2 protein chains.
Amino acid sequence: MKDLTPGGDASAEGIARQLTEAVHEHRVLPGMKLSEDEVGEVFGVSRTIVRQALRSMAHEGLVTIERNRGAFVSKPSVKEAREVFEARALLEPQTARAAAERATAEDVALLEDHIEREHAALAAGEAGRALKLSGLFHVEIARVADQQTIEAFIQQLISRSSLVIALYWQRRNALCESHAHHALLDAFRDNNPDQAEELMKGHLVDLLSQLNLRDVPDEARSLRDALLG
Amino acid sequence: MKDLTPGGDASAEGIARQLTEAVHEHRVLPGMKLSEDEVGEVFGVSRTIVRQALRSMAHEGLVTIERNRGAFVSKPSVKEAREVFEARALLEPQTARAAAERATAEDVALLEDHIEREHAALAAGEAGRALKLSGLFHVEIARVADQQTIEAFIQQLISRSSLVIALYWQRRNALCESHAHHALLDAFRDNNPDQAEELMKGHLVDLLSQLNLRDVPDEARSLRDALLG
DNA sequence: TAGGCTAAGATTGTATACGATCCAACATCG
DNA sequence: CGATGTTGGATCGTATACAATCTTAGCCTA
């Protein structure tokens, strides 16, 4: 069987990237099983490669591997969800500041294009794709700041945030993000570090406030519902 | 061939842990090749397991895998060295603050024991072991702060700091660290977050100042030495 | 003698085979 | 009828075999 996937190659990294993208777009949800045979069949590679990809994703916290049971898309606990946003609060504001100090016209144009595509996806009803682009915006900021080490951390945190959003997001007020991103873009364009840092800090608080981290994480609730219903 | 290693099991994680420890103790140095066959023979496992371990370490930045060439202990560039300490500067002071807020008597006792073992190793002339424990102290602080996500990041940064130290450390004034760790311990014992944060900030600045990040990274220099000698 | 080419050896990349473990359906017994 | 034990299938864990690639030593040529 040959490569069915036009979007990427069949290396371990390529498969990990495509699976990660699917998680970011919420096409693959927390708790879903990623069978080695099944993934291998989809991408036309042997289990050897799939295992490499899955272990790589496990290292990022995106999947959880249970011995002799297989790989599942991770379901972050409430505590883990909080930790992810606490880590982001430590890393991202300073990174936004550094990005605002260094941002060139090209950087701003690239970020602007990013926001535009995010809007286009939203307009086209592709909510998942918009969500993915929204996360990628944060990674791009780290790239502009020229901080590869921190960029890798933020990329991981964005991935895990996708899982958190899938589990704990409450529907109401869905589209305040693009506004925040636009404001950040302005700060970058003006090379205004103070404003960029503050905006990012506020943006992260906003994101966190839109999560419902009080309820039980979906599994126990479904059990209770089953017992009560 | 059976397990030759009394200190740990022969799983991929166990081998990665033991290799990582060897790097922390500077028994394995940057640039050294980690041949799959050789590592497998030492630990008595097949290449399958070794490959898992090496890829895991590659993900942490500890080893670099070059396709069809093999795995080598990473040699961080000057830029990467700076980035590692910049990331630590973002994460560790706040983490020390949180640890100081939460530290219990048991936590303090455990950290104290840690410092004591560091001193003992230094007194016994086991500089590598002391260095490893010195790094682990920082990881333990994140554990006390009850921040597993950040702890994982710090662990990675500590590992990479070991590589940076191996490459860029300048010998003079070798033992100011234990003093800084003692001061931090006092701040934890007193539950003094402000002091802990400031001490950690200063400690990281001290560490960075003891590195020589201006020279070329060892390879060109050894070539030059060879030509001049 | 220096430079480049070739071939053999060594090392990694990938697929596959086999054993171990888990899970679910079914049968059996109380 | 319900609970428990058993058996078959499915899935994962590990080792090994083979192919692809790189390295190096030796040889040839200018």
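None of the values given here were measured: they were computed from a predicted structure. Just so we're on the same page: letters track the sequence lines, and every chain starts at 1.
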Donor-acceptor contact below 3.5 Å, side chain D107(B) vs main chain T104(B) = yes
Quick one: R67(A) CZ to dC22(C) C1', roughly how many Å, whole number?
-> 12 Å
N or O in side chain of R69(B) less than 4.0 angstrom from dT12(C) OP1/OP2 | no
Interatomic distance where CZ belongs to F72(B) and C1' belongs to dT12(C) [whole Å] = 11 Å
Bounded by its outermost nucleotides with an atom under 4.0 Å from a heavy atom of chain B, the footprint on DNA chain D reads dT14(D) to dT23(D)
OP1 or OP2 of dT14(C) under 4.0 Å from side-chain N/O of T48(A) | no
Over how many whole Å does the gap from E38(B) atom CD to dT11(C) atom C1' extend?
-> 12 Å
Backbone N/O of T64(A) and side chain of K75(A): donor-acceptor pair under 3.5 Å = no
What integer distance in Å separates I65(B):CD1 from dG13(C):P?
-> 7 Å
Between dA10(C) (C1') and N68(B) (CG): distance, integer Å = 13 Å
Starting from P on dA17(C), measure out to CG on D37(A) and report it in whole angstrom.
-> 13 Å
Under 4.5 Å between any side-chain heavy atoms of E86(B) and T149(A), yes or no?
-> no
Pair K132(A) + E25(A), salt bridge at N-O below 4.0 Å | yes
Which pair of non-hydrogen atoms, one from A96(A) and one from I141(A), has the smallest distance, and what is that distance?
-> CA-CG2, 3.9 Å
For E66(B) and dT11(C), what is the distance between atoms CD and P respectively, to the nearest whole Å?
-> 16 Å
If you measure from the Lys or Arg side-chain nitrogens to the Asp or Glu carboxylate oxygens, is any gap between K79(B) and D146(A) under 4.0 Å?
-> yes
Send over the distance from E41(B) CD to dT11(C) P, rounded to a whole Å.
-> 11 Å
Salt bridge check: are R55(B) and E13(A) linked by an N-O gap of less than 4.0 Å?
-> yes
Between G70(B) and R47(A), just flag the one whose closest nucleotide in DNA chain C comes earlier from the 5' side.
-> G70(B)
Name the residue closer to the 5' end of DNA chain C, choosing between L34(B) and I49(A) according to the nucleotide with the nearest heavy atom.
-> L34(B)
